Amino acid sequence: MSKLSIRDIELRGKRVFVRVDFNVPLNENGEITDDTRIRQTLPTLAYALERGARLILASHLGRPKGKRNPKMSLSPVAIHLSNLVKHPVVFAADCIGSDAEGQALGLRDSEILLLENLRFHPEEEANDENFSRELARLADCYVNDAFGTAHRAHSSTVGMTKYFTQAAAGLLMEKELKYLAKTISKPEKPFVALLGGAKVSDKIEVIENLLPLVDSLLIGGAMAYTFLRAKGLSTGSSLVEVDKVDIAKKVLAAVEKNRYRLLLPVDHLISQKLDGSVPSRIVDGTSTPIPQGYMGVDIGPKTIELYQSEIAKAKTVVWNGPMGIFEVEPFAKGTLAMAQALASIHGTTIVGGGDSVAALARSGVESKISHVCTGGGASLEFLRGKKLPGIEVLTNI
Ligand code: AMP
């Protein structure tokens, strides 16, 4: 099922509320240190401005816990945005109330109003009825372009939509849906998933949801060790979630029963220290146990080769989570090799999660990836097979 897009609605002269994700990092002096999230929304804003929309932009920033906090004000974003769009951006010191309403009503065609941080009001995250109505009073149309918060049922993502006859996806949201929903429900085969990171507990449902859909699922990172422990192999001092070993055993039994293809590392880079200060060495995962006092910190060269060959055959690859402690240079090889492997295939590649995205940037291959997800948490929910409330409320077409 497709969702209504901003491209389907009449914008000229309309006050258009756009839920954006301007949750950007600020330094001590209130300066924006990374404006990627603002830039990613620019196509939607440019599209609406060219068509004479009167834009009302709303976002959260940080976790002010329902209280006004000047350090988490969106006012620096208003200035930054006006430089990017080369258009004045009016700032509303509160996201609801008579002043904001007056400013919204005063907008002329192709003008922009940015509202103050939605989360200065506890009612935003509580999806409060009155607060939702107040937000909705500001505008004639509703657009959501903030995929990163679509897994949250808040006033600005869910509650306020019922006051509009239609709720549309912005261009960025549309792109996320295209890649995540359409590609994953009808992937070009072979379809490979590559999962890593610290915890099995975070990704167990992703693994269970993806196993029947993929041709192979490759596991790396610390979570591989919980699976290896479940198989009865020695994991030395590697990070194992002891209370998840039973779940890992169940997954392995389901793999066996249904003949799913789940690959685990066949060799490991091991080290006695996590900071890379002592030499590390390779152990063959099947014949030599990881000795006590040593922990697995990256996938080994044979595993790199094995995973590279699986990825090279794929027409669709989804990747989330690093293969090792890639923040430490000597332990980054496996993760960076996977970034390169994805960049080399002729197919659809989808990458989510802050660490995997950082690895792409470090390898300089970001532009070779079909889609880099903007919301780590939201994309994991999607991969878990969960319905995202902020997407459910968008109008079906
Ligand atoms: P996550 O947030 O679950 O995606 O986990 C990301 C973190 O997992 C990164 O900070 C990595 O350093 C860490 N990680 C990956 N592999 C390992 C490993 N073998 N041992 C300990 N931590 C790891």
Side-chain angles (χ1 to χ4, degrees), residues 148 151 193-210 217-231 233-245 247-248 251 263-278 280-285 289-304 307 318-339 342 350-363 372-384:
H151 58 314
L194 175 66
L195 296 177
K199 290 192 191 152
V200 177
S201 43
D202 285 351
K203 295 196 181 117
I204 198 84
E205 290 171 73
V206 178
I207 295 171
E208 289 173 325
N209 185 46
L210 288 181
L217 196 151
L218 321 177
I219 293 198
M223 64 187 215
Y225 300 105
T226 304
F227 279 99
L228 294 174
R229 176 77 67 86
K231 287 181 92 162
L233 294 167
S234 160
T235 51
S237 310
S238 305
L239 195 64
V240 169
E241 280 173 276
V242 181
D243 58 335
K244 295 290 173 295
V245 172
I247 298 179
V251 171
L263 301 190
L264 292 166
V266 292
D267 59 351
H268 316 278
L269 182 70
I270 59 168
S271 180
Q272 285 176 301
K273 283 203 167 170
L274 289 182
D275 58 5
S277 62
V278 296
S280 46
R281 62 187 171 96
I282 304 291
V283 288
D284 189 306
I290 300 177
Q292 269 311 320
Y294 282 83
M295 57 192 292
V297 290
D298 194 9
I299 52 174
K302 279 192 199 160
T303 311
I304 293 180
Y307 288 6
V318 173
W319 179 27
N320 192 306
M323 297 291 105
I325 308 175
F326 82 112
E327 300 92 332
V328 180
E329 187 57 39
F331 309 152
K333 212 169 172 181
T335 303
L336 299 183
M338 294 303 108
L342 259 79
I350 302 171
V351 179
D355 291 317
S356 319
V357 175
L360 293 177
R362 244 170 95 182
S363 309
V372 177
C373 297
T374 51
S379 66
L380 268 187
E381 283 296 285
F382 215 100
L383 296 178
R384 279 192 183 106

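Numbers here simply count residues along the sequence, with the first being 1. The shown structure was predicted, so the numbers you read here are calculated from the model rather than taken from an experiment. Counting starts at 1 for both ligands and their atoms, in listed order.
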Next on the checklist: Checking the side chain of S237 only, and the main-chain atoms of M295 only, is there a donor and an acceptor separated by less than 3.5 Å?
Outcome noted: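 Absent.
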Checklist entry - Taking atom SG of C373 and atom CG of L383, what is their separation to the nearest 0.5 Å? => result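 It comes to 7.0 Å.
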Next on the checklist: Applying side chain to side chain contact (heavy atoms under 4.5 Å, CB included), can you list everything that pairs with S234, at least two apart in sequence or on another chain?
Outcome noted: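 So S234 forms a side chain to side chain contact (heavy atoms under 4.5 Å, CB included) with P289.
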Checklist entry - V372: what forms a side chain to side chain contact (heavy atoms under 4.5 Å, CB included) with it, not counting sequence neighbours? => result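 With neighbours one apart ignored, the set is V357, L360, E366, I369.
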Next on the checklist: If the condition is ring pair (Phe, Tyr, Trp, His ring centres under 6.0 Å), which residues does Y225 pass it with, not counting sequence neighbours?
Outcome noted: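 Applying ring pair (Phe, Tyr, Trp, His ring centres under 6.0 Å) to Y225 gives H268.
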Checklist entry - Is D298 salt-bridged to K333, going by a charged N under 4.0 Å from an acidic O? => result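 No.
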Checklist entry - Heavy atoms under 4.0 Å from ligand 1: which residues qualify? => result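 Within 4.0 Å of ligand 1, the protein residues are G197, A198, K199, D202, K203, G221, A222, Y225, L239, G296, V297, P322, G324, I325, E327, D355.
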